[in-house]
Amino acid sequence: MLLVAGARPNFMKVKPVLDALENRGVDCKLVHTGQHYDAKLSQVFFDELDIRPADEYLDVGSGSHAEQTAAVMIAFEKVVERETPDAVVVVGDVNSTLACSIVGAKAGVMVTHVEAGLRSRDWSMPEEINRVATDRVSDLLLAPSPDGVANLEAEGFPAEKIRLVGNVMIDTLLSNVDRARARPVLGELGLTRKAFGLVTLHRPANVDDPDDLGQLIDALGTIAADCPLVFPAHPRTVHQLEAVDIPAGITITDPFGYLDFVALQDAAALVLTDSGGVQEETTVLGTPCLTLRDNTERPITITEGTNTVVGRDPEVIVREARIRLNDGWPVRRPDLWDGKAGDRCATAIIETLEARATESKAFE
Ligand code: UD1
Ligand code: UDP
């Protein structure tokens, strides 16, 4: 079986699935597409989460959507031809997810999508195209939350293809949160628990246009006058920030490793982000989160979590930040975000493979 990971948010998702499958004796190969390649977006997760080195490294690197997706498809097809896997497992919604699901489906291999069914209904997001197209070609759809199941049912997928398994990213969070809390990162940055905010921004709609990014940074500057902000900048954002004046109170850093970033999410008074995974992790950590987007594909983080979608209007962002900074939040955990989602994925994959084997025997 081939498991695929390519970009930062894939590594912490693939780890619990890989472990659970290997614990059941399934022969797995881990394929790293190389979509993300900087040590701080890739190797650090292998080191900190004790993920064994990838069995295949496709080394595709950066490029336009077509270039990157095509490069993954060309390289992954060779791996599939050589390895003749019984299944391909993809996670999340990045270009590597889509590319490998299409290759697997066209090779007639059973494709499983972990994190199926999430929908922002915003077609300007490349990830929405990746989510919908990946689900379309997948044989087994493993949803993290009931809204995912409902979306898939509404799109006409048969019930036997869909399983509600919970959130694999939260498996990794729960098994590492104690180690994260023991990190000295707060002291190193001169921060006090619950007296700072944490920012991440990397969506093209927020960072690719310098004027739009400048407006968001101005809003962050107003918030930072009351509450210092730490902003680990994604490479996509670093480049754009060069053209923007950074207000006092905002500290731009390199991306953090997983453990330090979890420690910061846990200790922050407020998180401001456009990340998908950060909306989920802050919900489980009980840290208020403002999502600087017009929508979310993770509505359960609003209805059962700490997330508020605030859009991009600077006045609204500042107003909501002031409200959240003075709020108390209970730690709430959606059903099946319990640290056992990887196990449920493994069960679903193994059962589906067995059912398909029985079916094909019946046809012989
Ligand atoms: C990708 C995903 C996005 C995900 C994000 C997580 C797609 C379409 N986008 O966005 O869904 O939320 O990862 O972080 O798959 N770069 C480096 N070093 C690296 C990787 C990238 O410097 O290791 C720079 C390159 O200039 C590259 C740019 O970042 O062109 C964007 O990288 P890319 O993988 O295309 O998209 P992300 O914005 O990272
Ligand atoms: N993350 C990290 N260091 C950082 C920023 C994020 O380790 O500096 C982790 C974060 O804890 C979460 C994942 O990266 O597990 C989220 O990835 P990202 O925001 O890049 O992608 P998205 O979830 O938006 O697709």
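Remember, predicted model here, so these are calculated numbers, not experimental data. All ligand and atom numbering here is 1-based and tracks the order in the structure.
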Using heavy atoms and a strict 4.0 Å limit, residues surrounding ligand 2 turn out to be R8, P9, M12, F45, M169, H202, R203, P232, P255, F256, G257, Y258, F261, Q265, S275, G276, G277, E281
| If we only count heavy atoms from C-beta on, is the I300 to E280 side-chain gap below 4.5 Å? | no
Handout entry: Side-chain heavy-atom pair R121, N295 within 4.5 angstrom cut-off
Key = no
Validation: residues 84-92 side-chain donor-acceptor distances under 3.5 Å, sequence neighbours left out:
none

The answer, listing residues by chain and number that come under 4.0 Å of ligand 1 through any heavy atom, is P9, Q35, H36, Y37, D38, L41, S62, H65, Q68, V94, N95, E127, H202, R203, H234, P235, R236
For V149, the other hydrophobic cluster members (4.5 Å side-chain criterion, sorted by chain and number) are L141, L152, F157, I162, L164, L336
Of E115, R119, M125, the one forming a side chain to side chain contact (heavy atoms under 4.5 Å, CB included) with E297 is M125
(Q) Is it true that R131 and T97 share a donor-acceptor pair across their side chains at a distance under 3.5 Å? (A) no
Donor-acceptor pair, distance only, cut-off 3.5 Å: does the side chain of D274 make one with the backbone of H202? yes
**Prompt:** Taking D135 for the side chain and G117 for the main chain, is one N or O donor matched with an acceptor at less than 3.5 Å?
**Reply:** yes
Are T33 and F76 close enough that some pair of their side-chain heavy atoms sits under 4.5 Å apart? no
